Every structure is written in C-alpha cells, then in structure tokens.
Amino acid sequence: MDFDFTQITAQDRYRLLTNFVGPRPIALVSTVSETGQDNAAPMSFFNVFSHDPAIVILGIQTKADGQEKDTVRNIRRSGEFVVNMVDMAIADAMLVCGLAVAADVDEISLAGLTAAPCDQVAARRVAESPCAMECRVERLIDYDRRVIVLGEVVHMHVRRDCLDAEGRYVDPDRYQPIARLHGDNYITSDRQFVMPSPGLEAVQGRLKVGV
C-alpha cells in the first residue's frame with residue numbers, strides 16, 4: 001500500500017509514523033514554573049542527535065484545544081529542562097505524569113516520585129530515574145501545533161549501578177530503559193544481543209568488480 005502524506009489526515013500520518021518508527025525512547029521531561037512549581041510529562045517524540053555539541057530533541061504537540069502544554073510554557077520562559085530516562089521501576093509513575101491535570105498540580109509528587117535538585121539548571125530531576133540529563137534550550141522550531149525543542153545537555157546524573165566497574169559503559173543487566181511502540185504498547189530492553197560488524201574484508205568477495 002502507498003500513502004500520500006500530502007493528502008491523508010494528520011491522525012493517519014501519526015498512526016503510520018508511530019506504528020513503524022519505533023521503539024521510541026521516552027523522555028520524562030521535568031520543568032519548573034514561574035512560581036517554582038515542579039512539572040513532569042512523558043514525551044516519546046524524543047532522541048539524541050549529536051554528541052558534539054550534546055543535543056537532544058523533543059517534539060511536543062499542543063493540547064487538543066490548541067493551547068501550549070505546561071512543559072512548553074516552562075521551557076520557553078526558563079530556557080531549561082531535564083530529560084529523565086524511564087525504566088520499568090518508574091514506568092507506572094511515568095504514565096501518571098502523562099495525565100491531563102491542572103497546571104498547579106505537581107506531577108512528580110502525584111506520581112509518588114522524588115524531586116531532586118540539579119547542578120546547572122533550576123528545574124529539578126526525578127531522583128528515581130536511572131539517568132537524568134540537565135538541558136539548556138539551544139533553539140526552538142515552531143509549527144502550527146508542535147514545537148521542536150533542541151536542548152544541549154550540560155550535566156548528566158547516572159545511577160552508579162547502571163555503569164560497569166570503570167564507570168564508562170552501561171551495564172545492560174542493570175540499565176534497561178523502556179520505549180514506546182504504538183498506542184499503549186511499550187517494549188523493554190531486557191533482551192539485548194551483541195551484533196558486531198563483519199568488517200569490509202569479510203564481505204569483499206560480494207562486491208562486483210568492473211561494472
């Protein structure tokens with residue numbers, strides 16, 4: 001089947017893209033309001049796109065009525081946010097943070113999570129997260145009903161047991177983030193496997209010569 005994205009509805013585009021592009025990592029994004037209120041919301045339009053500079057990207061849609069979400073308002077005002085990675089231990093709490101509550105509700109507290117201070121940004125991180133990245137806004141790209149947030153990671157908090165003995169690489173038996181597939185379907189990374197490259201020399205004979 002073929003789908004002309006210039007002709008189909010936005011909802012159909014969403015359905016096709018999220019069904020086939022996945023799994024998508026989940027960013028539990030924490031921000032702080034002008035009055036110092038903690039806010040947290042999960043975003044599955046998220047990934048890391050560069051290490052030098054260290055850039056992560058969020059795609060945040062407006063509310064159904066077209067109004068900006070609390071997360072976006074806080075990011076625009078403060079220029080800061082925190083990406084808290086999600087594993088199975090806080091998966092249920094992540095869903096609570098995604099509920100449509102009033103702006104003055106502290107989702108971190110509502111979900112039974114603990115807000116902890118950051119080192120370089122005013123927003124607070126989720127203490128239970130295996131990895132939290134403090135970010136400053138690098139730029140915002142606005143569309144009619146979505147904003148693309150490019151954030152530069154300026155500090156990272158990693159739970160010690162998620163790393164190997166040298167503290168350099170992730171321990172795959174301990175750090176197992178979850179990701180979203182489509183609808184209410186998620187996947188966990190507890191079934192990992194090693195797949196090294198065969199190297200060019202091993203496949204050299206397959207190349208056609210003199211074509």
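Residues: numbered from 1 along the sequence shown. Quick caveat: nothing in here was measured; it's all calculated off a predicted structure.
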Is there a donor-acceptor pair closer than 3.5 Å between any side-chain N or O of [X] and the backbone N or O of [Y]?
X	Y	value
Glu134	Gln120	yes
Ser44	Ile26	no
Thr31	Thr71	no
Asn74	Ser78	no
Arg136	Val154	no

Contacts of Thr35 that satisfy side-chain hydrogen bond (donor to acceptor under 3.5 Å, both in side chains) - sequence neighbours left out: Ser33

Can you list everything that forms a side-chain hydrogen bond (donor to acceptor under 3.5 Å, both in side chains) with Arg159? Sequence neighbours excluded, please.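 Partners of Arg159 by the side-chain hydrogen bond (donor to acceptor under 3.5 Å, both in side chains) criterion, ordered by chain and then number, come out as Asp161.
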
Any ring pair (Phe, Tyr, Trp, His ring centres under 6.0 Å) pairs touching [range], not counting sequence neighbours?
range	answer
residues 176-198	none
residues 5-27	none
residues 47-86	none

Could you list the residues that satisfy side-chain contact (heavy atoms from CB on, under 4.5 Å) with Arg160, not counting sequence neighbours?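 Scan of Arg160 (side-chain contact (heavy atoms from CB on, under 4.5 Å), adjacent residues dropped) gives Leu163.
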
Heavy-atom count check: over 12 atoms from other residues, nucleotides or ligands less than 6.0 Å from Arg174 CZ?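 It does not: Arg174 CZ has 12 such atoms or fewer within range.
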
Does a sphere of radius 6.0 Å around CG in Asp2 hold more than 12 heavy atoms from other residues, nucleotides or ligands, not counting ones at 6.0 Å or beyond? no

Spacing of [atom1] belonging to [X] relative to [atom2] belonging to [Y], to within rounding of 0.5 Å:
X	Y	atom1	atom2	result
Met94	Arg180	CE	CZ	8.5 Å
Glu152	Ile55	CD	CD1	5.0 Å
Gln176	Ile178	CD	CD1	11.5 Å
Asn47	Leu58	CG	CG	10.5 Å
Met85	Phe46	CE	CZ	4.5 Å
Phe3	Leu16	CZ	CG	5.0 Å

Residue list, salt bridge (Lys or Arg N to Asp or Glu O under 4.0 Å) with Arg145, at least two apart or on another chain: none

Tell me which pairs pass salt bridge (charged side-chain N to carboxylate O under 4.0 Å, His left out) where either residue lies in residues 18-44, with sequence neighbours left out. Asp38-Arg124

Going by the salt bridge (charged side-chain N to carboxylate O under 4.0 Å, His left out) test, which pairs reach into residues 45-60, not counting sequence neighbours?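 Of all non-adjacent pairs touching residues 45-60, none passes salt bridge (charged side-chain N to carboxylate O under 4.0 Å, His left out).
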
Assess whether side chain to side chain contact (heavy atoms under 4.5 Å, CB included) is satisfied between Ile60 and Val29, documenting all intermediate values. CA-CA 11 Å; Ile60 308 175; Val29 180; 5.9 Å; no

Solution key, residues 137-144 side-chain donor-acceptor pairs under 3.5 Å, sequence neighbours excluded:
residue, atom, partner, partner atom, Å
Asp142, OD1, Arg76, NH2, 2.4
Asp142, OD2, Arg76, NH1, 3.4

In one Ile/Leu/Val/Met/Phe/Trp/Tyr side-chain cluster, 4.5 Å: [X], [Y]:
X	Y	answer
Val48	Val82	no
Val21	Leu181	no
Met43	Val149	yes

Can you tell me which residue pairs pass the side chain to side chain donor-acceptor pair (under 3.5 Å) test with a partner in residues 80-95, sequence neighbours excluded? Ser30-Asn84

Of all heavy-atom pairs between Ala202 and Pro198, which one has the smallest distance, and what is that distance?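 Closest heavy-atom pair between Ala202 and Pro198: CB-O, 3.3 Å.
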
Going by atom type alone, with no hydrogens or angles, which donor-acceptor pairs under 3.5 Å involve a side-chain atom of residues 95-118 and a protein atom two or more places apart or on another chain?
residue, atom, partner, partner atom, Å
Asp106, OD1, Ile108, N, 3.0
Asp106, OD1, Ser109, N, 3.1
Glu107, OE1, Asn39, ND2, 3.2
Glu107, OE1, Ala40, N, 3.3
Glu107, OE2, Asn39, ND2, 3.2
Thr114, OG1, Glu128, OE2, 2.7

Please determine whether side chain to side chain contact (heavy atoms under 4.5 Å, CB included) holds for the pair Phe45 and Thr18, giving the CA-CA distance in whole Å, both sets of side-chain angles, and the decisive distance to 0.1 Å. CA-CA 9 Å; Phe45 279 13; Thr18 59; 3.7 Å; yes

